[in-house]
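To keep things clear, I will list the structure first and then write my remarks on it.
Each chain gets a letter, A, B and so on, in the order its sequence line appears, and its residues count up from 1.
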Number of protein chains: 2
Amino acid sequence: MTDLFPDKGHDHGRCIDSALHQAEIVAEANNARFTNMRRRVFTLIWQSHKAITAYELLDALQAEGVRAQPPTVYRALEFLVGLRLIHRIESLNAYFGCDMPDCEHLGQYFICRNCGRVAEAVNEDMSRAVRTAAGIVGFKIEATTIEIKGLCHDCAAH
Amino acid sequence: MTDLFPDKGHDHGRCIDSALHQAEIVAEANNARFTNMRRRVFTLIWQSHKAITAYELLDALQAEGVRAQPPTVYRALEFLVGLRLIHRIESLNAYFGCDMPDCEHLGQYFICRNCGRVAEAVNEDMSRAVRTAAGIVGFKIEATTIEIKGLCHDCAAH
DNA sequence: GACGAAATGATATAATATAACACTTCAATA
DNA sequence: TATTGAAGTGTTATATTATATCATTTCGTC
């Protein structure tokens with residue numbers, strides 16, 4: 001078994017740094033401006049491996065002393081989702097950092113209801129199953145949402 | 001190709017009747033009361049093959065002369081979702097009638113962004129892929145959301 | 001430095017959802 | 001059949017999530 005969820009002792013500072021670095025590259029490649037506000041929001045999202053809501057981000061920004069309003073947060077989120085630097089988890093109305101923003105992928109999200117952590121997986125069998133099912137019914141796919149709720153390995157064990 | 005979406009000329013009255021009939025059976029089997037309000041909401045959801053939001057339902061009820069408030073609608077929805085008589089489409093914040101409430105299934109929803117229709121499919125390859133992926137990472141599944149947006153066969157053709 | 005496009009600020013409000021408490025309905029049964 | 005208790009619904013208020021609109025600022029380009 002390979003646990004997708006990060007170790008308890010993992011060096012989270014490195015997670016964030018690496019994500020930021022990748023994000024800068026992606027933004028650059030898209031001729032998009034990775035502004036201060038966007039960087040702040042992105043960094044806040046990466047503070048944990050949980051999904052975070054727009055208003056939690058807003059509170060966090062305000063706690064940092066930034067005078068922000070909802071539209072500011074939603075704009076940053078829209079930007080980041082657009083570049084696939086983060087993903088929106090529909091069933092939580094929340095956002096989650098993507099750790100493979102440089103390749104197009106159909107991600108599936110495992111969401112632990114106990115610890116709140118989210119892990120993204122890419123699974124070719126699943127992608128193929130979706131494509132095949134769509135093909136059979138003549139459906140032209142534009143976006144796919146796969147969200148799986150339950151207990152992560154750690155939480156299921158306790 | 002088998003189009004999951006109903007024919008233009010299909011007898012929708014029969015859809016509704018059949019759904020209502022099945023719903024009554026399911027409710028009975030669960031010792032649950034299929035009250036007037038719940039029946040009204042259920043019937044409204046089945047008025048079309050589109051997903052409908054809570055507030056659209058509320059408006060429809062009020063248009064029928066029923067003096068309803070949001071909690072009334074949300075309670076009926078909760079009841080119906082609980083019995084799996086309807087499904088919530090997370091990415092639309094909307095609800096959709098299930099046409100196979102009598103068997104437990106992992107459904108996937110094809111949502112046409114042009115005509116708004118939704119079709120539910122059950123696909124064993126996909127279910128297996130989800131289970132396998134979860135097994136590999138030691139995740140205990142409790143609920144799965146699969147929503148696919150794009151163009152249905154009819155709309156893609158035009 | 002002037003200009004225009006993009007980003008952000010600011011205010012207001014729309015859309016979605018739930019908490020809390022009062023009242024009614026209904027089926028079981030005393 | 002009257003009682004009663006649980007389930008359902010009514011009602012009011014409010015929480016949560018999201019967007020529209022217009023003013024101002026920032027920033028790269030000329």
Side-chain angles (χ1 to χ4, degrees), chain A residues 23-24 26-45 50-62 64-83 85-96 116 145 147, chain B residues 23-24 26-45 50-62 64-83 85-96 116 145 147:
Chain A
E24 311 231 353
V26 170
E28 173 93 34
N30 285 272
N31 264 318
R33 282 159 58 192
F34 201 58
T35 62
N36 245 321
M37 183 58 75
R38 290 164 178 174
R39 183 190 321 275
R40 271 196 278 235
V41 170
F42 182 82
T43 305
L44 285 168
I45 291 171
K50 303 180 185 180
I52 186 169
T53 70
Y55 279 77
E56 286 168 350
L57 287 166
L58 184 57
D59 289 347
L61 284 173
Q62 290 173 344
E64 282 182 357
V66 180
R67 211 192 353 259
Q69 296 299 321
T72 301
V73 174
Y74 280 101
R75 284 167 186 150
L77 290 170
E78 183 182 23
F79 172 86
L80 296 169
V81 168
L83 286 187
L85 296 173
I86 63 172
H87 296 294
R88 175 178 163 85
I89 309 291
E90 297 291 348
S91 60
L92 299 178
N93 298 330
Y95 299 83
F96 175 69
T145 299
E147 298 172 7
Chain B
E24 311 232 351
V26 169
E28 173 93 36
N30 286 272
N31 264 317
R33 282 160 56 192
F34 201 58
T35 62
N36 245 322
M37 183 58 76
R38 290 164 177 175
R39 183 191 320 277
R40 270 197 279 236
V41 169
F42 182 82
T43 305
L44 285 168
I45 291 170
K50 303 180 186 180
I52 185 170
T53 69
Y55 278 78
E56 286 168 349
L57 287 166
L58 183 57
D59 289 347
L61 283 173
Q62 290 173 343
E64 282 181 358
V66 181
R67 210 186 2 255
Q69 296 298 321
T72 300
V73 175
Y74 281 102
R75 285 167 185 151
L77 290 170
E78 184 182 22
F79 172 87
L80 296 169
V81 168
L83 286 187
L85 296 172
I86 62 172
H87 295 295
R88 175 177 163 86
I89 308 291
E90 296 291 347
S91 60
L92 298 178
N93 297 331
Y95 300 82
F96 176 69
T145 300
E147 299 172 6

Sorted by chain and number, sequence neighbours left out, side-chain hydrogen bond (donor to acceptor under 3.5 Å, both in side chains) with R39(A) holds for E24(A)
Find the distance E78(A):CD to dA7(C):C1' and express it as a whole number of Å. 12 Å
Under the ring pair (Phe, Tyr, Trp, His ring centres under 6.0 Å) test, which residues partner F34(A), sequence neighbours left out? F42(A)
Heavy-atom contacts under 4.0 Å between residues 27-42 of chain B and DNA chain D, which residues? R33(B), T35(B), M37(B), R38(B)
Looking at every non-hydrogen atom in both residues, tell me the closest pair between F96(A) and I45(A) and how far apart they are. C-CG2, 3.9 Å
Starting at CG of L57(B) and ending at P of dA17(C), how long is that distance when rounded to a whole Å? 11 Å
Reading DNA chain D 5' to 3', which nucleotide is the first, and which the last, to come under 4.0 Å of any heavy atom in chain B? dG8(D) to dT12(D)
Residue mapping more 5' on DNA chain D - nearest nucleotide basis, F79(B) or N93(B): F79(B)
For Q62(B), I'd like to know if atom CD has over 12 heavy atoms of other residues, nucleotides or ligands within 6.0 Å. yes
Using whole Å, what does the distance between atom C1' of nucleotide dT16(C) and atom CD of E90(A) come to? 14 Å
N/O-N/O pairs, protein side and nucleotides 10-15 of chain C side, under 3.5 Å:
| residue | atom | partner | partner atom | Å |
| --- | --- | --- | --- | --- |
| dA10(C) | N6 | R75(A) | NH2 | 3.2 |

Step-by-step side chain to side chain contact (heavy atoms under 4.5 Å, CB included) determination, E64(B) to R40(B): CA-CA 10 Å; E64(B) 282 181 358; R40(B) 270 197 279 236; 3.4 Å; yes
Heavy-atom pair with the smallest gap, counting every atom of L92(B) and A51(B): CD1-CB, 4.1 Å
Using the side-chain hydrogen bond (donor to acceptor under 3.5 Å, both in side chains) criterion, which residues pair with T72(B)? Sequence neighbours excluded. none
In chain order, what residues pass the side-chain hydrogen bond (donor to acceptor under 3.5 Å, both in side chains) check against R88(B), with sequence neighbours excluded? E90(B), N93(B), Y95(B)
Can you run down the side-chain hydrogen bond (donor to acceptor under 3.5 Å, both in side chains) pairs that involve residues 27-38 of chain A, sequence neighbours left out, and say none if there aren't any? none
Rounded interatomic separation in angstrom, taking OH from Y74(A) and P from dG9(C): 16 Å
Side chains of E147(A) and I89(A), heavy atoms from C-beta outward: is any pair under 4.5 Å? yes
Pairs of donor and acceptor atoms involving the side chains of residues 53-61 of chain B, under 3.5 Å and at least two apart or interchain, shall be tabulated with distances.
| residue | atom | partner | partner atom | Å |
| --- | --- | --- | --- | --- |
| T53(B) | OG1 | E56(B) | N | 3.1 |
| E56(B) | OE1 | T53(B) | N | 2.9 |

